Protein chains: 2
Amino acid sequence: MQSFADVQALVFDVFGTVVDWRRGVAREAGAFLARHAPGVEPSAFADAWRRRYSPAMEEVRSGRRPFTRLDVLHRENLEAVLPQFGIDAAGVPPAELDALNLAWHRLDPWPDSIPGLARLKRRFIIAPLSNGNIRLMLDMAKRAGLPWDAILGAEVAQAYKPTPEAYLRTAEVLMLKPAELCLVAAHNGDLAAAQRCGLRTAFIPRAAEHGPDQATDLRAEGEWDVVAADMEDLAERLGL
Amino acid sequence: MQSFADVQALVFDVFGTVVDWRRGVAREAGAFLARHAPGVEPSAFADAWRRRYSPAMEEVRSGRRPFTRLDVLHRENLEAVLPQFGIDAAGVPPAELDALNLAWHRLDPWPDSIPGLARLKRRFIIAPLSNGNIRLMLDMAKRAGLPWDAILGAEVAQAYKPTPEAYLRTAEVLMLKPAELCLVAAHNGDLAAAQRCGLRTAFIPRAAEHGPDQATDLRAEGEWDVVAADMEDLAERLGL
């Protein structure tokens, strides 16, 4: 591990790294599916909804669409995914879809996330650098007790990861050089983009993020500054 | 008091309302003045530095200057104010001025602020809506233990109060209608601007903000939704 003496802030990927989106969305979708598509496996629904996440952001990243917050993209993706499960979106009251869309605001942290963050916060500024929008991250933190020092990320930067501006503008509002910032993520691609911008990198594998058949991001695939088993192990490795 | 049933977030003016900038800046400037201008009263220096605050922002509000974060304006104002006290700015190492500029990051809350905010946080989203930049507000909160749910304000909105966009963009990132947001401030002018944007308003007088001779903002001068003696009294009045 390279010295972390210059690092002043740890910024975190959130979906998958800090919280378990798959189980959370499946739990929130359960009652909805029981009403509208009995027999559909809630985690399959969560996976299908999530599969539309990156393509939707790609419209923004490519410049084809102005910056649009994730809650809006999630809501559009929700309508788009319903027919895949035999649900007619037009037949569901919009307020019911709005409510289901808030599933992403109510995700639970992995068991090590909060104790790990509490330790890391003693020495570092800690903040999300998520593609989730400010209100989403705020609601999630307030419900779960995530002890962020600030809510940063795509909406503050007005750019979605892995666009360089998402990392560089986050460093800029923190008034830090990129090398004074470390991204903590469970995704090698996110870390690679951050590293190209000059950020330090910490990998935490989350082998259950995508359920039992996960085949990606099971191990570090780059020269990351730190590789830790979980958030508490990261605190340990950083001397906290 | 009008019903607060629809209010979901309380946003706060910070300098003066939540923290005592005058005593904090005077304390931080004390050693600097002892070295460079013995005999100068630190609170007079704080007042003079602060007097340049609004004119500097006015350059941005008027459109004559692109949005520039407050730390930069404070630093410029610091250099500009030194000659008033017989200090030659060119004779002071820039690093010493940079360090003194951080005085604004190290202000103490009024005694009622933290207990009041902790109670208000149980029911409301709480966030600064300050002209201070993100890093300034973050450092202040981390040092003092201010329990914000997010750091909002001028830098997120890219507009300085009392420009309407400062209030309206804050509502927008919180995904709230203006009337679902209440500004808490010790300054009638700030509340008047927020009210014109449709926000709810709460006034807390801070009769010691400007020292013993304060003549402004000693009492409510508008039809504010709530007038409270301090932050704990505000919690009380909102049923918390």
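Each chain gets a letter, A, B and so on, in the order its sequence line appears, and its residues count up from 1. Below, each value reflects all heavy atoms present in this structure, side chains not excepted, and no hydrogens, waters or symmetry copies. Owing to the predicted nature of the structure, the values given are computational and were not obtained by experimental measurement.
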Problem set entry | Engaged part of B:Asp149 at the chain A interface, taking heavy atoms whose separation is under 4.5 Å | both
For this session: Indicate, with yes or no, if the rings of B:Trp104 and B:Trp49 have centres closer together than 6.0 Å.
Result: yes
Exercise. Is a salt bridge present between A:Asp139 and A:Arg135, judged by a nitrogen-to-oxygen distance below 4.0 Å?
Worked result: yes
Exercise. Are the side chain of A:Tyr160 and the backbone of A:Thr68 linked by a donor-acceptor contact shorter than 3.5 Å?
Worked result: yes
Exercise. So which part of B:Val156 gets closer than 4.5 Å to some heavy atom of chain A, the side chain, the backbone, both or neither?
Worked result: side chain
Exercise. Chain A: which of B:Ile125, B:Leu176, B:Asn133 shares the most heavy-atom pairs with it under 4.5 Å?
Worked result: B:Ile125
Exercise. Between B:Glu172 and chain A, which part of the residue has a heavy atom less than 4.5 Å away: side chain, backbone, both or neither?
Worked result: both
Problem set entry | The single option from A:Arg23, A:Arg106, A:Arg22 passing salt bridge (Lys or Arg N to Asp or Glu O under 4.0 Å) against A:Glu28 | A:Arg106
Exercise. Contact part of B:Ala150 toward chain A, heavy-atom cut-off under 4.5 Å: side chain, backbone, both or neither?
Worked result: both
Exercise. So which part of B:Leu152 gets closer than 4.5 Å to some heavy atom of chain A, the side chain, the backbone, both or neither?
Worked result: side chain
Exercise. Are A:Asp108 and A:Arg143 close enough for a salt bridge, meaning some N to O gap below 4.0 Å?
Worked result: yes
Exercise. How are the rings of A:Tyr53 and A:His74 set to each other: parallel, tilted or perpendicular (split at 30° and 60°)?
Worked result: parallel
Problem set entry | When B:Ile134, B:Asp71, B:Val173, B:Ile151 are compared by non-hydrogen pairs under 4.5 Å with chain A, the top option | B:Val173
